[in-house]
Asker: 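Have a look at this one before I ask anything.
In this chain, residues are counted from 1 in sequence order.
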Amino acid sequence: MNGKDFAAKVGISHRQLVTWEARGESIKPGPGNQAALDTLLSTAAPAAQWRFAQFLTEQAAVGDDERAEELLRRDPRTIRHPGDGKIMALVEEGIYLSGPEGKSMWLEAFRVDLYPTTNLDYERFVRAAGHRPPQHWPGGRCPNALHDHPVVWVTWHDATAYARWCGKQLPSARQWEKAARGTKGRAYPWGSEPTAAKCNTAESGIGGTTPVARYQSGVSPYGLFDMCGNVWEWCSTQGTDGPDRYELKGSAFSSPFECAAPSLQNAANSTMKDNDTGFRCVSPP
């Protein structure tokens with residue numbers, strides 16, 4: 001609904017709603033307004049309640065939130081990693097179908113970040129480790145508008161340094177593929193249909209990164225976001241097309257949808273950095 005309709009539902013003026021939006025998390029509604037908000041949420045459609053639950057789960061990676069922690073406790077496959085606080089999903093050991101031919105491969109169990117590493121995640125690393133910030137941060141500080149977007153302009157070495165700092169690793173290409181496709185070799189994280197609207201590729205026309213939790217209908221069987229589109233993601237696996245090259249997975253906002261299938265191979269030099277390249281991490285179970 002639009003802002004005016006929402007304000008009427010809650011029982012506040014549209015001007016007050018604008019104030020809430022401007023002040024964000026610093027707003028503390030009075031008991032009456034909070035009760036109205038809680039009632040509106042409890043009577044909302046399941047899809048809206050699911051979006052709210054996903055938002056709380058994201059917030060748990062940034063700070064302590066008892067409601068978000070409760071959501072995490074309900075899903076035994078997810079944990080919050082002690083190194084960087086990011087939410088990780090469990091990928092169980094076993095066989096999965098790999099590559100365009102669907103070859104059976106075995107992998108040990110591992111955990112993988114639910115979302116790509118965001119600018120806010122990377123900013124904590126930069127401050128704690130004294131690492132150089134990416135070039136798109138004005139004055140070396142992460143812009144507020146990009147906090148929940150995937151970090152870009154990072155080399156393979158930058159991504160590896162972040163992973164070591166928080167006690168994780170970059171995923172192998174096989175780990176990344178299984179996390180994206182599941183055990184049955186889906187063509188895409190969401191299934192077999194080539195639906196460009198479920199991810200941020202060139203067809204979206206956005207021309208830049210988007211918040212990591214935006215494409216909720218495009219999640220993988222393990223609940224992972226942005227395994228197609230938004231940014232290419234570095235892997236630990238060396239490419240086969242030359243020395244000092246490493247595989248990239250997932251495609252990006254700058255690439256056509258046809259490049260987004262998780263089974264496809266791509267590689268780049270370890271010193272390459274661009275506005276469409278980021279990463280996520282894995283860890284032992």
Side-chain angles (χ1 to χ4, degrees), residues 25 47-93 107 109-126 128 142 146-152 154 159 162-172 175-182 189-190 198-200 209-231 233-236 249-250 262 278-285:
E25 293 181 3
Q49 296 190 32
W50 189 86
R51 287 197 302 272
F52 185 76
Q54 286 293 311
F55 173 74
L56 290 184
T57 303
E58 291 175 62
Q59 293 300 97
V62 180
D64 294 327
D65 186 316
E66 281 303 314
R67 294 172 297 175
E69 295 294 345
E70 175 60 27
L71 286 171
L72 292 176
R73 285 191 288 268
R74 293 176 190 170
D75 186 349
R77 296 193 309 173
T78 59
I79 64 164
R80 188 161 79 168
H81 192 270
D84 60 359
K86 287 182 67 65
I87 308 302
M88 304 190 81
L90 176 65
V91 177
E92 298 88 351
E93 67 176 1
L107 280 181
F110 62 95
R111 291 192 180 274
V112 58
D113 290 339
L114 212 64
Y115 306 101
T117 304
T118 66
N119 285 284
L120 186 59
D121 299 326
Y122 201 77
E123 184 177 47
R124 289 195 287 268
F125 159 63
V126 166
C142 171
L146 296 179
H147 274 181
D148 59 349
H149 288 231
V151 67
V152 292
V154 288
Y162 175 97
R164 289 175 177 167
W165 166 75
C166 64
K168 298 181 181 179
Q169 306 88 37
L170 293 183
S172 69
Q175 286 177 321
W176 196 100
E177 183 187 5
K178 182 177 181 179
R181 303 177 69 190
W190 54 84
K198 292 181 180 290
C199 56
N200 180 17
T209 59
T210 48
V212 295
R214 173 169 176 164
Y215 289 93
Q216 298 170 7
S217 63
V219 299
S220 82
Y222 300 102
L224 275 57
F225 286 69
D226 281 353
M227 299 302 276
C228 281
N230 217 1
V231 295
E233 297 185 14
W234 285 111
C235 293
S236 62
K249 287 287 193 179
F279 66 98
R280 76 179 73 212
C281 297
V282 297
S283 71

Asker: Kindly indicate whether the side chain of W190, heavy atoms from C-beta on, has any atom under 4.5 Å from the side chain of C228.
Answerer: yes

Asker: Classify the ring geometry of F125 against W165: parallel below 30°, tilted from 30° to 60°, perpendicular beyond 60°.
Answerer: tilted

Asker: Looking at every non-hydrogen atom in both residues, tell me the closest pair between P285 and L90 and how far apart they are.
Answerer: CB-CD1, 3.9 Å

Asker: Do K178 and V91 make a side-chain contact, defined as non-hydrogen atoms from C-beta onward lying under 4.5 Å apart?
Answerer: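 Yes; the side chains approach each other to less than 4.5 Å.
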
Asker: With heavy-atom distances below 4.5 Å as the criterion, would you say the side chains of W234 and W176 are in contact?
Answerer: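 Result no, sub-4.5 Å side-chain heavy-atom pair not found.
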
Asker: For A89 and L224, which heavy atoms make the closest approach, and how far apart are they?
Answerer: CB-CD1, 3.9 Å

Asker: Which atom names give the shortest non-hydrogen contact between V154 and G278, and what distance separates them?
Answerer: CG2-CA, 3.9 Å

Asker: Anything under 30° is parallel, anything over 60° is perpendicular, the rest tilted; go ahead and classify Y115 against F225.
Answerer: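 Geometry flag for F225 against Y115: tilted rings.
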
Asker: With a 4.5 Å limit on heavy-atom distance, are the side chains of V112 and Y222 in contact?
Answerer: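 SC-SC contact between V112 and Y222 ruled out.
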
Asker: K168: what forms a salt bridge (Lys or Arg N to Asp or Glu O under 4.0 Å) with it, not counting sequence neighbours?
Answerer: D84, D113

Asker: A side-chain contact here means heavy atoms from C-beta on lying under 4.5 Å apart; do T118 and H149 qualify?
Answerer: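 Side chain of T118 against side chain of H149, heavy atoms only: no contact under 4.5 Å found.
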
Asker: Can you find a pair of side-chain heavy atoms, one from Q175 and one from S236, that are under 4.5 Å apart?
Answerer: no

Asker: Ion pair present between R280 and E233, side-chain N to carboxylate O less than 4.0 angstrom?
Answerer: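 E233 and R280: salt-bridged.
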
Asker: As an exercise, state the distance from OG of S217 to NZ of K198, rounded to the nearest 0.5 Å.
Answerer: 3.5 Å

Asker: Hey, does S220 have a side-chain heavy atom less than 4.5 Å from the side chain of R181?
Answerer: no

Asker: Quick check for you: to the nearest 0.5 Å, what is the distance between R124 atom CZ and C142 atom SG?
Answerer: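 Result: 10.0 Å between the selected atoms.
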
Asker: Hey, could you give me the CG/CD distance between L107 and E92, rounded to the nearest 0.5 Å?
Answerer: 12.0 Å

Asker: How many angstroms lie between CD1 in I79 and NE2 in H81, if you round to the nearest 0.5 Å?
Answerer: 6.5 Å

Asker: Rounded to the nearest 0.5 Å, what separates atom SG in C281 from atom CD in Q169?
Answerer: 8.0 Å

Asker: Sub-3.5 Å donor-acceptor pair from the side chain of E177 to the main-chain atoms of P262, do we have one?
Answerer: no

Asker: In Å and rounded to the nearest 0.5 Å, what is the CZ to CG distance from R164 to L170?
Answerer: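 Between R164 CZ and L170 CG, I get 9.0 Å after rounding to 0.5 Å.
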
Asker: If we count only N and O atoms by modelled type, under 3.5 Å, do the side chains of T209 and N200 hold a donor and an acceptor together?
Answerer: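 No pair is found: no donor N or O on one side chain lies under 3.5 Å from an acceptor on the other.
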
Asker: So which atom in C235 and which in K249 form the shortest heavy-atom distance, rounded to 0.1 Å?
Answerer: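 So the two residues come closest at SG-CG, 3.7 Å.
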
Asker: Locate the shortest heavy-atom distance separating G218 from P189; write the atom from each residue and the value.
Answerer: O-CB, 3.6 Å

Asker: Counting N and O atoms only, with roles assigned by atom type, does the side chain of T78 sit under 3.5 Å from a partner on the main chain of M88, one being a donor and the other an acceptor?
Answerer: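 No; judged by distance alone, with no hydrogens or angles, the pair does not exist.
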
Asker: With a 4.5 Å heavy-atom cut-off, do T210 and Y215 have their side chains touching?
Answerer: yes

